[in-house]
Enquirer: 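Quick one: this structure, given as structure tokens, is what I'll be asking you about.
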Number of protein chains: 2
Amino acid sequence: MNQVEIFKALANKTRLQILNWLKEPAENFPDQANADFENIGVCVGQIQIKAGLSQSTISEYLSILQRADLVSATRVGQWTYYKRNKEGIEKLSKIINSEL
Amino acid sequence: MNQVEIFKALANKTRLQILNWLKEPAENFPDQANADFENIGVCVGQIQIKAGLSQSTISEYLSILQRADLVSATRVGQWTYYKRNKEGIEKLSKIINSEL
DNA sequence: AATATATATCGACTTTTCCCGATATACCAA
DNA sequence: TTGGTATATCGGGAAAAGTCGATATATATT
């Protein structure tokens with residue numbers, strides 16, 4: 001994934017918020033709180049409700065974040081759970097410290 | 001300056017390159033090398049030549065970077081010199097480490 | 001004052017992004 | 001297999017960004 005695509009993914013208020021919410025999923029998505037919730041992530045519907053945009057928009061935003069390696073997805077049954085991708089975010093941090 | 005504007009400023013190949021060039025001005029702009037060059041920065045014309053886009057585009061790009069606090073400008077005679085803004089970049093680094 | 005040079009701003013056109021509703025797909029349950 | 005729910009994809013209209021050439025402004029030189 002190239003650097004410009006990463007920054008484009010971050011250049012949107014809602015997508016930044018989602019990433020920020022996923023940093024503390026238990027606090028930000030109390031409705032979905034359950035056992036392996038921290039491991040698996042948060043499902044699209046919960047994120048959509050919180051963001052207040054349409055389902056299609058949020059689905060697309062999540063895939064933009066995923067293509068930028070900022071989140072990862074796991075399908076379980078009819079749900080897709082998204083969570084923060086620590087590695088991708090660390091890589092971004094390194095880009096900023098070494099190239100900017 | 002809000003976070004989205006910072007990431008928008010970075011969401012462009014040429015602007016990322018400029019920032020990267022300004023990290024090592026002596027290497028990247030040998031034509032302008034002179035005494036206080038490291039302190040004052042690089043003038044618009046040099047950046048424009050290296051980027052290969054029009055003068056107006058580069059002038060605008062530099063002001064986008066400046067509004068995002070990623071570079072700072074100094075006018076000296078008819079030249080405007082731009083340089084990396086260390087503080088702004090550090091602030092960005094902190095945002096990534098604390099909020100993403 | 002007239003001219004030259006560097007940069008900034010303006011107006012326009014093209015491409016990309018934002019965001020939606022509609023529809024398709026995948027999975028589940030009866 | 002029929003219907004229900006979650007998510008993804010598609011098509012499109014509006015807004016923003018990319019980029020240019022033309023022009024304006026600021027400064028320097030003669």
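Owing to the predicted nature of the structure, the values given are computational and were not obtained by experimental measurement.
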Enquirer: Does any residue of residues 10-23 of chain A have a heavy atom under 4.0 Å from DNA chain C, and if so, which ones, in number order?
Expert: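 By residue number: Ala11(A), Asn12(A), Arg15(A).
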Enquirer: Find the distance between CD (Glu60(A)) and CG (Leu65(A)) and round it off to the nearest 0.5 Å.
Expert: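 Rounded to the nearest 0.5 Å, the CD-CG separation comes to 11.0 Å.
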Enquirer: Rounded to the nearest 0.5 Å, how far apart are CD1 of Ile58(A) and CD1 of Ile18(A)?
Expert: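 It comes to 4.5 Å.
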Enquirer: For Trp21(B), does its backbone N or O pair with a side-chain atom of Asn28(B) as donor and acceptor, under 3.5 Å?
Expert: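 Confirmed, Asn28(B) side chain pairs with Trp21(B) backbone.
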Enquirer: Between the main-chain N or O of Gln55(B) and the side-chain N or O of Ser59(B), is there a donor-acceptor pair closer than 3.5 Å?
Expert: no
Enquirer: What is the distance from atom CG of Leu22(B) to atom CZ of Phe29(B), rounded to the nearest 0.5 Å?
Expert: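 It comes to 5.5 Å.
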Enquirer: Over how many whole Å does the gap from Phe7(A) atom CZ to dT17(C) atom P extend?
Expert: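 The distance from CZ of Phe7(A) to P of dT17(C) comes to 16 Å, rounded to the nearest Å.
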Enquirer: What does the list of N/O pairs under 3.5 Å between the protein and nucleotides 8-12 of chain D look like, with a distance for each?
Expert:
| residue | atom | partner | partner atom | Å |
| --- | --- | --- | --- | --- |
| dA8(D) | OP1 | Tyr82(A) | OH | 3.1 |
| dA8(D) | OP2 | Ser59(A) | OG | 2.9 |
| dA8(D) | N7 | Gln55(A) | OE1 | 3.4 |
| dA8(D) | N7 | Gln55(A) | NE2 | 3.0 |
| dA8(D) | N6 | Gln55(A) | OE1 | 2.8 |

Enquirer: Taking the nucleotide of DNA chain C with the nearest heavy atom to each, does Ile64(A) or Trp79(A) sit closer to the 5' end?
Expert: Ile64(A)
Enquirer: Expressed as a whole number of angstroms, how long is the span from Leu53(A):CG to dT17(C):P?
Expert: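 Atom CG in Leu53(A) sits about 18 Å away from atom P in dT17(C).
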Enquirer: Give a yes or no on whether Lys13(A) atom NZ has more than 12 heavy-atom contacts from other residues, nucleotides or ligands under 6.0 Å away.
Expert: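 No.
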Enquirer: Please report, rounded to the nearest Å, how far the C1' atom of dT5(C) is from the CD atom of Gln46(B).
Expert: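 Rounded to whole Å, this separation is 14 Å.
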Enquirer: Got a donor-acceptor contact below 3.5 angstrom from the Asn20(B) side chain to the Glu99(A) backbone?
Expert: yes
Enquirer: Taking only side-chain nitrogens and oxygens of Tyr61(A), does any of them come within less than 4.0 Å of OP1 or OP2 of dC19(C)?
Expert: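 Yes, within the criterion.
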Enquirer: Quick one: does Lys23(B)'s side chain have a donor or acceptor within less than 3.5 Å of a partner on Arg84(B)'s backbone?
Expert: no
Enquirer: Once rounded to the nearest 0.5 Å, what's the spacing between atom OG of Ser93(A) and atom NZ of Lys86(A)?
Expert: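 Atom-to-atom, Ser93(A):OG and Lys86(A):NZ are 12.0 Å apart.
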Enquirer: Check nucleotides 13-16 of chain D against the protein and report each pair of N or O atoms closer than 3.5 Å, with its distance, or say if there are none.
Expert:
none

Enquirer: Hey, what do you get for CG (Leu70(B)) to NZ (Lys91(B)), rounding to the nearest 0.5 Å?
Expert: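 Rounded to the nearest 0.5 Å, the CG-NZ separation comes to 10.5 Å.
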Enquirer: Please evaluate the base of dT5(D) for a donor-acceptor partner in the side chain of Gln78(A) within a cut-off of under 3.5 Å?
Expert: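 Counting by modelled atom types and ignoring angles, a donor-acceptor contact under 3.5 Å is found here.
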Enquirer: What distance separates Thr14(B) OG1 from Lys50(B) NZ, expressed to the nearest 0.5 Å?
Expert: 13.0 Å
